[in-house]
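What follows is a single structure, written as structure tokens, with notes after it.
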Protein chains: 2
Amino acid sequence: MVMSTKKMGRDGAASGEAVGDSPIARLCVKHGLKMTGQRRVIARVLSEAEDHPDVEELYRRASELDSRISVATVYRTVRLLEEKGILERRDFGGGRARYEASENGHHYHLIDIDSGNVIEFENDELVGLLAKIAAELGFDLMSHRAELFGRRTASDRKKDTTSGKADDGSQSNPSGRA
Amino acid sequence: MVMSTKKMGRDGAASGEAVGDSPIARLCVKHGLKMTGQRRVIARVLSEAEDHPDVEELYRRASELDSRISVATVYRTVRLLEEKGILERRDFGGGRARYEASENGHHYHLIDIDSGNVIEFENDELVGLLAKIAAELGFDLMSHRAELFGRRTASDRKKDTTSGKADDGSQSNPSGRA
DNA sequence: ATATCTGCAAAAAGTTTGCTCTACG
DNA sequence: CGTAGAGCAAACTTTTTGCAGATAT
């Protein structure tokens with residue numbers, strides 16, 4: 001098992017147009033999408049996101065880079081990118097959809113129910129088991145998701161006291177309900 | 001692995017008041033909730049549900065038994081029961097929350113992406129693996145969920161042609177988006 | 001008796017959409 | 001240039017809430 005070490009694209013030298021493109025913007029081009037300024041900004045925000053922002057948060061971050069972006073465009077864009085398979089929508093509870101780039105690879109989430117932190121991890125054994133289960137039920141596994149809700153073990157907790165929160169796409173609500 | 005064989009409570013002889021109570025209604029009493037007529041009806045609907053109805057569907061079923069129930073009450077009730085741990089909220093995509101009784105035991109869902117059918121299954125090996133993963137990350141596993149999205153294998157498909165849908169709490173949208 | 005619950009309707013919250021103008025290719 | 005995209009605001013959908021009257025314990 002390996003915890004993901006997500007690398008974010010550093011901001012490109014804004015030379016011309018295509019060179020400064022973020023990884024996701026490049027994916028968009030690859031998918032034949034028309035690259036508008038707004039989309040390029042949103043793509044960049046998504047590429048640089050290390051968490052699981054919701055639309056509101058994406059809108060906020062995009063607006064910082066270019067104030068001429070509307071929420072509607074963010075909604076339209078994430079929907080488009082989701083359809084293209086570039087983005088994945090998540091539901092961690094709380095009513096709003098949260099997004100992350102598919103290119104980050106398949107991984108799972110462990111949510112710390114006390115702090116709201118979301119820890120990502122990969123696990124081949126798990127993939128294999130799930131595929132096996134699906135097969136036993138007569139299905140080919142097309143996609144899947146697993147979320148663990150846990151609490152730090154006493155022994156683990158005393159190791160560090162980095163009590164703060166790490167991931168938080170704008171709102172972290174452990175239980176998913178206020 | 002064992003597919004769940006959920007038993008639903010048959011309707012009780014409406015003798016007095018407490019005798020006809022559904023399993024969930026009894027749980028409500030145990031939790032000290034005031035049992036109004038509406039709650040009793042909703043509890044019964046939930047107890048008898050073999051699928052994962054959303055609020056709209058719960059409202060429809062409850063209304064059949066007693067037309068003097070409002071959607072607001074259904075919302076308030078499921079929220080209350082969820083807080084008490086009697087109900088669990090699910091998100092299978094599609095924007096609306098779907099509910100099922102916690103008493104049905106811990107199980108997982110395999111969603112047929114073509115038909116929208118939801119198949120429930122249990123798997124001890126999976127529980128063990130998830131707990132192990134959590135432990136490796138320094139957590140005690142408090143709860144978890146796993147959803148598989150699959151497509152019937154060619155070989156399996158030709159065995160039966162029960163093409164229709166089985167589970168469907170009012171709306172089944174394989175991809176979660178219309 | 002009285003704190004809790006319900007219905008109703010209005011309000012939130014999140015997301016989608018029609019229309020017109022703008023801009024990518 | 002022509003068509004897809006963006007902005008704006010209005011529409012929609014799902015869920016929550018304030019309030020007055022009803023009800024379980």
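Order of the sequence lines sets the chain letters (A, B, ...), proteins ahead of strands, with each chain counted from 1.
Between the CZ atom of B/R98 and the C1' atom of D/dT15 there is a distance of 17 Å, rounded to whole Å. When the P atom of C/dG7 is taken as reference, atom CD1 of B/I42 falls 8 Å away, rounded to whole Å. Here C/dT4 presents its P atom at 19 Å from CZ of B/R40, a figure rounded to the nearest Å. Rounded to an integer number of Å, the gap from CD of A/E57 to P of C/dG14 is 13 Å. The interatomic distance linking B/D66 (CG) with D/dT23 (C1') rounds to 14 Å, in whole Å. Rounded to whole Å, atom C1' of C/dG25 lies 13 Å from atom CZ of A/R39. What separates CG of B/L80 from P of D/dT17 is a distance of 14 Å, to the nearest Å. Atom NZ in A/K84 sits about 13 Å away from atom C1' in D/dA4, given to the nearest Å.
Residues B/E120 and B/H52 have side chains that bring a donor and an acceptor to within less than 3.5 angstrom of each other.
A sub-4.0 Å separation between OP1 or OP2 of D/dA24 and a side-chain N or O of B/T36 is absent. Between D/dA22 and B/Q38, no contact under 4.0 Å exists linking OP1 or OP2 to a side-chain N or O.
Of the two residues near DNA chain D, B/G37 and A/G37, the one whose nearest nucleotide lies more 5' is A/G37. Of the residues near DNA chain D, B/M35 and B/A97, the one whose nearest nucleotide (by heavy atom distance) lies more toward the 5' end is B/A97. Summary of the strand contacts: B/S70 and B/K34 both lie near DNA chain C, and taking for each the nucleotide with the nearest heavy atom, the more 5' one is attributed to B/K34.
Remark: B/R61 does not engage B/E48 in a salt bridge, criterion side-chain N to carboxylate O under 4.0 Å. Salt bridge absent: A/R60 and A/E64 never bring a charged side-chain N and a carboxylate O closer than 4.0 Å. Looking at A/E100 and A/R98, no side-chain N of the basic residue comes within less than 4.0 Å of a carboxylate O on the acidic one, giving no salt bridge.
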side-chain contact (heavy atoms from CB on, under 4.5 Å) assessment of B/E147 paired with B/I111: CA-CA 7 Å; B/E147 274 118 42; B/I111 295 96; 4.0 Å; yes

Under the side-chain contact (heavy atoms from CB on, under 4.5 Å) rule, what do A/M35 and A/C28 come out as? Steps first, then yes or no, please. CA-CA 7 Å; A/M35 285 315 287; A/C28 291; 3.5 Å; yes

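Considering B/R40, B/K30, B/R39, B/R26 in turn, B/R40 is the only one that fulfils the salt bridge (charged side-chain N to carboxylate O under 4.0 Å, His left out) rule with B/D21.
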Kindly give the atom pairs (protein nitrogen or oxygen, nucleotide nitrogen or oxygen) under 3.5 Å for nucleotides 17-19 of chain C.
{"residue": "C/dG18", "atom": "O6", "partner": "A/R76", "partner atom": "NH1", "Å": "3.4"}

